[in-house]
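Read through the structure below, which is laid out as structure tokens, and then see the notes.
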Amino acid sequence: MSVAAPERLRHDFPEDDEFLGQLQTRRRKAGLSSALFLLVLVVAVAALVTLLYTITNEAFGLVAIVNQQEPAAVVAAAGFDPELVSLEEMDKDDLIDVLVANVSTNVGRRFEREQRFYEDRLVFEPRGSWDDLCASQSPAPGCTSAPRDESNVYQLVLERVVVADVVATYQLTESYLDRDRIEAEVAERHPEARLEFRAWLTRRFVTTPQSSTPEVAGVRTALLGSVWVIAITILFSVPVGVGAAIYLEEYAQPNRVNRLIQTNINNLAGVPSIIYGMLGLAVLVRTLEPLTSGSLFLGDGRGVSENGRTILAAGLTLGLLILPIIIIAAQEALRAVPGSLRQAGMALGATKWQTTKSHILPAALPGILTGAILAVARAIGETAPLIVVGASTFINVDPSGPFSKFTVLPIQIYQWTARPQDEFRSIAAAAIIVLLVLLLTLNATAVILRNRYSRRV
């Protein structure tokens, strides 16, 4: 018997040609798998490069511009020497004087009702009618908002006095490769236009509020709205999600109720985002309106919205959206911590909470932050739930707190891409770059924290 077993094993093991044939088959399969995975990587990189190329190609290029009034003429009409002072260098008071001289009283009143020019005095609106308006049941936004700053007034001058009109736009590639044809085309079709290279993504674009005129529109209001919403989302979802994961992994007993909770958390991670928007509308905007509008805390003072369609409602809605993802990721990170670490802490006399806080949670923190990165990346690009909750499609007043009305970058981009003019597509591409930079900044911060704690552990 002792000889038969090795002989049987020896006959079962492939030898010579059979062994070489099986080895070559395995190598061919491994080579095919490697080639397939490499092809998938190449396709993914090509798609990413195509996306970045398309965005960059739209955000830069030649434009043909016709100004209703040249900035130098506006400066000269205001009493300054255009060779010494540019329109952008004029201070707020002089810019307001330019508006008073060039826009009608009705238009000026509309601007002032949207947002005041000064804190202590009025420019277009009589004091009596202003006081009556602010004391009415539906006061104007300018009654409570902060006064316009210098950049905001400069924006109005460009939009209402200079009135720059882009009559033709060209992409970056054709601007460099086919400039002669473009110059001839502009000279023939728009002889009064000035051809210049424009980077739609500029510092002014980032620091300027939204406008219906694409030549002077910016993303400051939407950018601040996105930052506010994401900040509230993170502050709500990360502590609650990590706390729920700690309870489910470290404290919850394996009974029917906890299994039901775990199943529902897994199911909620796959629910479409529009459903969370409807939940936010029903609960946060309507039912909890005193909370989300700010009237519960601030009464009827400054910073209170007339309804619950505020940054706070949007942030909590997105927090609910990514909460299941954070819980599941945190559970997996806690589950990956060796059980010996728990036993060592308990053996040294530490309580369960002390062991969890001082040993298990630091060891699981890199994995938790990885899950938070993925969750926040999903939240920052969401549009549907915010539209349902009540994000504004057009707003040029910066949010001043969690109870302010708002818009966000994805909604701003969607609105601009839906417009027929080529200029809106160009500023939409510039806004996409701003959104990508914001997303990469948040992710880089989380990655730095994750790597820091990984080295420490």
Looking at [X] and [Y], would you say the former's side chain and the latter's main chain have a donor-acceptor pair under 3.5 Å?
{"X": "Ser175", "Y": "Leu62", "answer": "yes"}
{"X": "Gln171", "Y": "Glu58", "answer": "no"}
{"X": "Ser34", "Y": "Ala30", "answer": "no"}
{"X": "Gln331", "Y": "Ala245", "answer": "no"}
{"X": "Glu114", "Y": "Pro141", "answer": "no"}
{"X": "Asn267", "Y": "Thr263", "answer": "yes"}

- Item | Residue pair Gln412 / Thr407, side-chain donor-acceptor N/O under 3.5 Å |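 Result is no, nothing qualifies.
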
- Query: Taking atom types as modelled and ignoring hydrogens, do the side chains of Thr208 and Tyr154 form a donor-acceptor contact shorter than 3.5 angstrom?
  - Reply: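 Side chains of Thr208 and Tyr154: no pair found under 3.5 Å.
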
- Go through the structure and list residues passing salt bridge (charged side-chain N to carboxylate O under 4.0 Å, His left out) with Arg335, not counting sequence neighbours.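 Checked Arg335 against salt bridge (charged side-chain N to carboxylate O under 4.0 Å, His left out); matches are Glu249, Glu332.
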
Which heavy atom of [X] sits nearest to which heavy atom of [Y], and what is that distance?
{"X": "Val388", "Y": "Arg309", "result": "O-NH1, 3.8 Å"}
{"X": "Thr169", "Y": "Trp200", "result": "CG2-CZ2, 4.3 Å"}
{"X": "Trp416", "Y": "Ala217", "result": "CZ2-CB, 4.0 Å"}
{"X": "Arg204", "Y": "Gln155", "result": "NH1-OE1, 3.8 Å"}
{"X": "Thr310", "Y": "Phe403", "result": "CG2-O, 3.4 Å"}
{"X": "Leu409", "Y": "Val434", "result": "CD1-CG1, 4.2 Å"}

For [X], does the [atom1] atom sit with more than 12 other heavy atoms under 6.0 Å from it, leaving out its own atoms?
{"X": "Glu88", "atom1": "CD", "result": "no"}
{"X": "Tyr118", "atom1": "OH", "result": "yes"}
{"X": "Tyr414", "atom1": "OH", "result": "no"}

Point-to-point distance, once rounded to the nearest 0.5 Å, from [atom1] of [X] to [atom2] of [Y]:
{"X": "Leu291", "Y": "Leu312", "atom1": "CG", "atom2": "CG", "answer": "5.5 Å"}
{"X": "Trp353", "Y": "Leu361", "atom1": "CH2", "atom2": "CG", "answer": "7.0 Å"}
{"X": "Ser358", "Y": "Leu341", "atom1": "OG", "atom2": "CG", "answer": "10.5 Å"}
{"X": "Asn266", "Y": "Ile328", "atom1": "CG", "atom2": "CD1", "answer": "4.5 Å"}
{"X": "Leu348", "Y": "His359", "atom1": "CG", "atom2": "NE2", "answer": "7.5 Å"}
{"X": "Lys357", "Y": "Ile246", "atom1": "NZ", "atom2": "CD1", "answer": "11.5 Å"}

For a 4.5 angstrom cut-off between non-hydrogen side-chain atoms, does [X] reach [Y]?
{"X": "Thr355", "Y": "Thr351", "value": "no"}
{"X": "Leu442", "Y": "Ile230", "value": "yes"}
{"X": "Asn258", "Y": "Ile261", "value": "yes"}
{"X": "Thr50", "Y": "Thr54", "value": "yes"}
{"X": "Trp228", "Y": "Pro402", "value": "yes"}
{"X": "Leu436", "Y": "Leu52", "value": "yes"}
{"X": "Tyr53", "Y": "Thr173", "value": "yes"}
{"X": "Leu284", "Y": "Leu279", "value": "no"}

- May I ask you to decide if the ring planes of Phe197 and Phe60 are parallel, tilted or perpendicular, using 30° and 60° as cut-offs?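 Rings of Phe197 and Phe60: parallel, under 30°.
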
- For side chain to side chain donor-acceptor pair (under 3.5 Å), just list the numbers for Glu382 and Ser273, CA-CA rounded to whole Å, side-chain angles, deciding distance to a tenth of an Å, and then say yes or no. CA-CA 8 Å; Glu382 285 292 344; Ser273 61; 3.1 Å; yes

- Might you work through the side-chain contact (heavy atoms from CB on, under 4.5 Å) test for Glu215 and Arg198, ending with a clear yes or no? CA-CA 10 Å; Glu215 291 80 4; Arg198 168 168 290 192; 4.2 Å; yes

- For Arg342, enumerate each residue passing the side chain to side chain donor-acceptor pair (under 3.5 Å) test, keeping only those at least two apart in sequence or located in another chain.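 Arg342 satisfies side chain to side chain donor-acceptor pair (under 3.5 Å) with Glu250 once adjacent residues are dropped.
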
- Task: Kindly indicate, with the supporting measurements, whether the criterion side-chain contact (heavy atoms from CB on, under 4.5 Å) is fulfilled by Ile380 and Thr233.
- Result: CA-CA 10 Å; Ile380 199 173; Thr233 300; over 6 Å; no

- Using the side-chain contact (heavy atoms from CB on, under 4.5 Å) rule, take Ile326 and Val238 through it: C-alpha gap first, then chi angles, then the decisive distance, then the call. CA-CA 7 Å; Ile326 293 179; Val238 173; 4.0 Å; yes

- Identify which one of Arg116, Lys92, Arg220 satisfies the salt bridge (Lys or Arg N to Asp or Glu O under 4.0 Å) criterion when paired with Asp149.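 The residue from Arg116, Lys92, Arg220 that satisfies salt bridge (Lys or Arg N to Asp or Glu O under 4.0 Å) with Asp149 turns out to be Arg220.
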
- Candidates Ile325, Leu248, Leu323 - the one meeting side-chain contact (heavy atoms from CB on, under 4.5 Å) with Ile265: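 For Ile265, the side-chain contact (heavy atoms from CB on, under 4.5 Å) test succeeds with only one of Ile325, Leu248, Leu323, which is Leu248.
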
- Task: List the steps and the verdict of side-chain contact (heavy atoms from CB on, under 4.5 Å) for Val219 and Phe205.
- Result: CA-CA 6 Å; Val219 294; Phe205 178 75; 3.4 Å; yes

